[in-house]
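A short worksheet on the structure shown next.
Owing to the predicted nature of the structure, the values given are computational and were not obtained by experimental measurement. Throughout, a chain's letter reflects where its sequence line sits, starting with A, and its residues are numbered from 1.
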2 protein chains.
Amino acid sequence: MTTRWLSGQEHRTWLYVLTAVQLLESELDRRIQRDAGMPLAYYMLLAGLSEAPGRTMRMGDLAAFTNASQSRLSHAVSRLEKRRWVRRERHEVDRRVVLAVLTDEGYEALAAAAPGHVRAVRELLFDRLEEADLAALQDVAARVLDGVDGSGSARALLAERTVPPA
Amino acid sequence: MTTRWLSGQEHRTWLYVLTAVQLLESELDRRIQRDAGMPLAYYMLLAGLSEAPGRTMRMGDLAAFTNASQSRLSHAVSRLEKRRWVRRERHEVDRRVVLAVLTDEGYEALAAAAPGHVRAVRELLFDRLEEADLAALQDVAARVLDGVDGSGSARALLAERTVPPA
DNA sequence: GTCCTTTCGTTGAACTCTCAAGTTTCAGGC
DNA sequence: GCCTGAAACTTGAGAGTTCAACGAAAGGAC
């Protein structure tokens, strides 16, 4: 079977998108690290927890919501525990389950980091997009998700939780 | 100064795009690791070198082209040297410069990995996009790049090298 | 020539992620 | 009750990344 290579247009699109996304992420990471002393991944975890009922989530759900493996999340939560930003609790009924709970200290750290981060996202991304781009981008992202996300778990979580932060 | 939060539409778009991109990248990484025994980052390095004149690039240019820091590239090239896929050479004129050269072994590894990788990119990304999406996506990516890429170096490199691989 | 600054790259330590293997708990037969 | 298998996490080691400090060569200024 002969390989169907990418067309020039496809190749160019791929390079542009990949580059833009990588630079965007690394720039956001650098800024939040500098301004708030935490990596972007921590922010995402804290933000996820802050929006959950009781500021609490099962480890598995938090992993799915942040696109992390369970192992990665477990290590990350251990690090967040050392900073006293998150606390682990055992589920009362199903003793296999571990709940990650955002502490008050964690909430404060998130609240301190949020304005700067949102400003950065706005400056680097949304200030450069038109109203019409938003819907189109989301549409494309949704289609890509359908292909990548085998079990559809990420999509389901996204559909539930797309309200702005409090 | 009060923070201007993201609108519901912006927040949703951001979550979708971020999720789609992260899952896409990690899925591509998993597949090439499984099928070709190399991480996606190695592939990108080898691909970059393979398209360069003489299959040779300065460390700095290769770092810029792959959106890596110089330190990251230096470590990565050291690992690639251990696999005998890349060789270091000193520049004859400017003795500060180090040239990374793709070896024949490296080229073979790339050639073996390419078909599978391209197939994956096609399946996960381009098969889900319409012709019209391509131009729109590239346009958006270019605008984002202008904001993120302070010195415009990534854009310049992209503009030069957007021909399909040989 | 000598000094100062910039450019190009490397290094080591600390941190983060991945992968495979392990523990504990639950749920269903039988 | 007692297996057996699956589910939910954790762990440790190795791979990869980041950050700050460093060395070596080049380019002026004088």
Side-chain angles (χ1 to χ4, degrees), chain A residues 22-23 25-35 37-45 56-83 85-101 151 153, chain B residues 22-23 25-46 56-83 85-101 151 153:
Chain A
Q22 286 180 346
L23 289 184
E25 278 204 60
S26 65
E27 179 62 22
L28 287 176
D29 203 9
R30 217 166 315 145
R31 289 196 189 191
I32 198 171
Q33 181 81 62
R34 168 170 54 81
D35 300 338
M38 75 174 78
L40 187 55
Y42 287 11
Y43 179 88
M44 294 300 185
L45 289 177
T56 297
M57 254 193 269
R58 292 158 154 252
M59 293 292 280
D61 289 350
L62 188 53
F65 185 67
T66 57
N67 311 321
S69 66
Q70 281 208 131
S71 172
R72 174 180 172 186
L73 179 71
S74 184
H75 284 301
V77 165
S78 296
R79 293 187 294 262
L80 289 176
E81 269 190 310
K82 278 189 196 146
R83 297 195 183 200
W85 288 352
V86 168
R87 180 168 30 88
R88 274 178 163 102
E89 272 178 25
R90 278 225 166 262
H91 193 287
E92 284 305 319
V93 177
D94 187 338
R95 310 289 299 168
R96 289 172 303 184
V97 171
V98 173
L99 301 170
V101 185
S151 52
S153 54
Chain B
Q22 286 180 345
L23 289 184
E25 278 203 61
S26 64
E27 180 60 22
L28 287 175
D29 202 9
R30 219 167 315 153
R31 291 197 187 191
I32 197 171
Q33 181 80 61
R34 168 170 55 83
D35 300 337
M38 73 174 80
L40 187 54
Y42 287 11
Y43 180 89
M44 294 301 185
L45 289 176
L46 299 183
T56 297
M57 255 194 267
R58 292 157 156 251
M59 294 292 281
D61 289 349
L62 187 53
F65 185 68
T66 56
N67 312 321
S69 65
Q70 284 207 134
S71 170
R72 174 181 173 186
L73 179 71
S74 184
H75 285 298
V77 166
S78 296
R79 291 188 293 264
L80 289 176
E81 269 189 309
K82 278 187 195 148
R83 298 196 183 199
W85 288 352
V86 168
R87 180 168 30 86
R88 276 179 163 102
E89 272 178 25
R90 278 224 165 263
H91 193 287
E92 284 304 319
V93 178
D94 186 337
R95 309 292 297 171
R96 289 172 303 184
V97 171
V98 172
L99 301 171
V101 185
S151 51
S153 53

If you compare every side-chain N and O of R79(B) against the phosphate oxygens of dG16(D) (OP1, OP2), does one of them come in below 4.0 Å?
yes
Atom pair distance, as rounded to whole Å: CE in M57(B) and C1' in dG9(C)
16 Å
Just the rounded figure in Å: distance from P of dT17(D) to CE of M44(B).
13 Å
R90(A) side-chain N/O to R95(A) backbone N/O, donor-acceptor pair under 3.5 Å:
yes
If you look at every strand shown and take non-hydrogen atoms under 4.0 Å, does R34(A) touch a base, only sugar-phosphate, or nothing?
nothing
Donor-acceptor pair present, H75(A) side chain and dT18(C) base, under 3.5 Å
yes
In whole Å, I'd like the distance from the CG atom of D94(B) to the C1' atom of dG27(D).
11 Å
Got a donor-acceptor pair under 3.5 Å from the side chain of S71(A) to the base of dC19(C)?
yes
Most 5' of M59(B) and S69(A) on DNA chain C, judged by nearest nucleotide:
M59(B)
Mapping L99(B) and A76(A) onto DNA chain C by nearest heavy atom, which one lands closer to the 5' end?
L99(B)
So which nucleotide from dT17(D), dT18(C), dT10(C) ends up closest to the side chain of R72(B)?
dT17(D)
Name the nucleic acid region contacted by V93(B), choosing base, sugar-phosphate or nothing; use a 4.0 angstrom heavy-atom cut-off, strictly under.
sugar-phosphate
Should Q70(B) be listed as having a side-chain N or O under 4.0 Å from OP1 or OP2 of dG9(C)?
yes
How close or far is atom P of dA26(D) from atom CZ of R90(B), stated in whole angstroms?
10 Å
In whole Å, what is the span from the OH atom of Y42(A) to the C1' atom of dT16(C)?
8 Å
Looking only at dC17(C), dC8(C), dG16(D), the nucleotide nearest the R96(B) side chain is dC8(C)
V97(B) has its side chain closest, among dT18(D), dG9(C), dA8(D), to dG9(C)
Tell me: CG of D29(A) to P of dT16(C), nearest whole Å?
10 Å
Give R95(A) one of three labels, base, sugar-phosphate or nothing, depending on what nucleic acid heavy atoms sit under 4.0 Å from its own.
sugar-phosphate
Whole-Å distance between dC17(C) P and E25(A) CD?
12 Å
Tell me the interatomic distance from E89(A), atom CD, to dT10(D), atom P, rounded to whole angstroms.
13 Å
